[in-house]
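Working notes, beginning with the structure itself.
Labels below follow one simple rule: chain letters A, B, ... track the order of the sequence lines, proteins then strands, and each chain is numbered from 1. Just so we're clear, the structure is a prediction, and the values are computed from it rather than from any experiment.
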Amino acid sequence: DQQVKQNSPSLSVQEGRISILNCDYTNSMFDYFLWYKKYPAEGPTFLISISSIKDKNEDGRFTVFLNKSAKHLSLHIVPSQPGDSAVYFCAASARGATNKLIFGTGTLLAVQP
Amino acid sequence: KAGVTQTPRYLIKTRGQQVTLSCSPISGHRSVSWYQQTPGQGLQFLFEYFSETQRNKGNFPGRFSGRQFSNSRSEMNVSTLELGDSALYLCASSASTSGGSYEQYFGPGTRLTVT
């Protein structure tokens with residue numbers, strides 16, 4: 001039972017344009033959501049998070065949007081840079097198990113120069 | 001501040017053996033979680049330790065165990081290794097205490113190969 005889903009295995013965008021990565025979840029108990037970036041054979045790098053009491057959080061080029069009614073979140077990267085090319089994972093945790101992250105399957109982002 | 005460190009980085013073991021992996025969290029972080037990444041199952045939560053106690057547990061067999069020491073360093077052990085245990089094992093630390101949500105910071109991982 002995949003509680004966190006990233007339906008796009010890959011995404012290709014041009015440098016300078018916007019990258020939009022999507023994530024859906026099924027568990028209504030999730031109340032904290034995170035995005036991580038990962039290179040092969042390395043640990044995930046934390047990018048940005050959002051609590052369920054908010055619908056938007058911004059940090060530099062990264063913005064995360066949360067739509068609780070649709071159980072959907074998205075990560076916007078503007079402007080995209082070649083160094084952003086990596087696998088992006090969304091993750092979620094539930095109240096009472098805040099460090100038990102449930103990860104999506106990841107989206108490979110390729111930013112073309 | 002130094003990041004999360006994991007040792008060893010690479011390990012090759014034979015089926016039936018056991019293995020112990022080590023993790024040192026970011027200074028001041030008391031929560032340590034372990035994850036397994038495989039091509040087939042993705043990133044899966046193993047367990048979390050806080051103040052030397054297991055606080056959360058994932059859906060893995062009892063062959064997978066862990067512990068945490070008073071300095072917050074953690075070890076995980078896998079006994080009777082199977083071929084399917086070949087994976088990248090990741091440790092993450094968090095400033096989380098008894099409540100609230102905090103981001104987790106990951107180490108570089110230990111690549112375990114079982115032959």
Take atom NZ in K54(A); do more than 12 heavy atoms of anything else shown fall under 6.0 Å from it?
no

Could you report the tightest heavy-atom contact between K38(A) and L88(B), atom names first, then the distance?
NZ-CD2, 3.9 Å

Quick one: do M76(B) and L112(B) end up in the same hydrophobic cluster if we chain Ile, Leu, Val, Met, Phe, Trp and Tyr together by side-chain heavy atoms under 4.5 Å apart?
yes

Given heavy-atom pairs under 4.5 angstrom as the criterion, report whether the side chain, backbone, both or neither of Y35(B) touches chain A.
side chain

Y36(A) to Q104(B) - nearest heavy-atom pair and separation:
OH-O, 2.7 Å

same_hphob_cluster(I102(A), L46(B)) at 4.5 Å side-chain heavy-atom cutoff:
no

What part of L43(B) is in contact with chain A, defined as an atom under 4.5 angstrom from a non-hydrogen atom: side chain, backbone, both or neither?
both

Looking at every heavy atom in both F45(B) and K100(A), which two are closest together, and how far apart are they?
CD2-CG, 3.4 Å

Between atom CD of Q41(B) and atom CZ of F103(A), what is the distance when rounded to the nearest 0.5 Å?
15.0 Å

Could you tell me which portion of E48(B) (side chain, backbone, both or neither) has an atom closer than 4.5 angstrom to a non-hydrogen atom of chain A?
side chain

Enclosure of I12(B) CD1 (heavy-atom neighbours >12, cutoff 6.0 Å):
no

Do other residues, nucleotides or ligands put more than 12 heavy atoms under 6.0 Å from the CZ atom of R95(A)?
no

When hydrophobic residues are tied together by side-chain contacts of less than 4.5 Å, even through go-betweens, does I48(A) share a cluster with L109(A)?
yes

With a 4.5 angstrom heavy-atom cut-off, is it the side chain or the backbone of Q37(B) that approaches chain A, or both, or neither?
side chain

Close side-chain approach of L101(A) and S33(B), heavy atoms under 4.5 Å
no

Among the listed options G109(B), G42(B), P108(B), the residue most often paired with chain A at heavy-atom distances under 4.5 Å
P108(B)

Would the number of heavy atoms belonging to other residues, nucleotides or ligands and lying under 6.0 Å from CZ of R63(B) be above 12?
yes

Counting heavy-atom pairs under 4.5 angstrom with chain B, the leader among P44(A), G43(A), G104(A), A97(A) is P44(A)

Does K68(A) NZ have over 12 foreign heavy atoms under 6.0 Å away?
yes

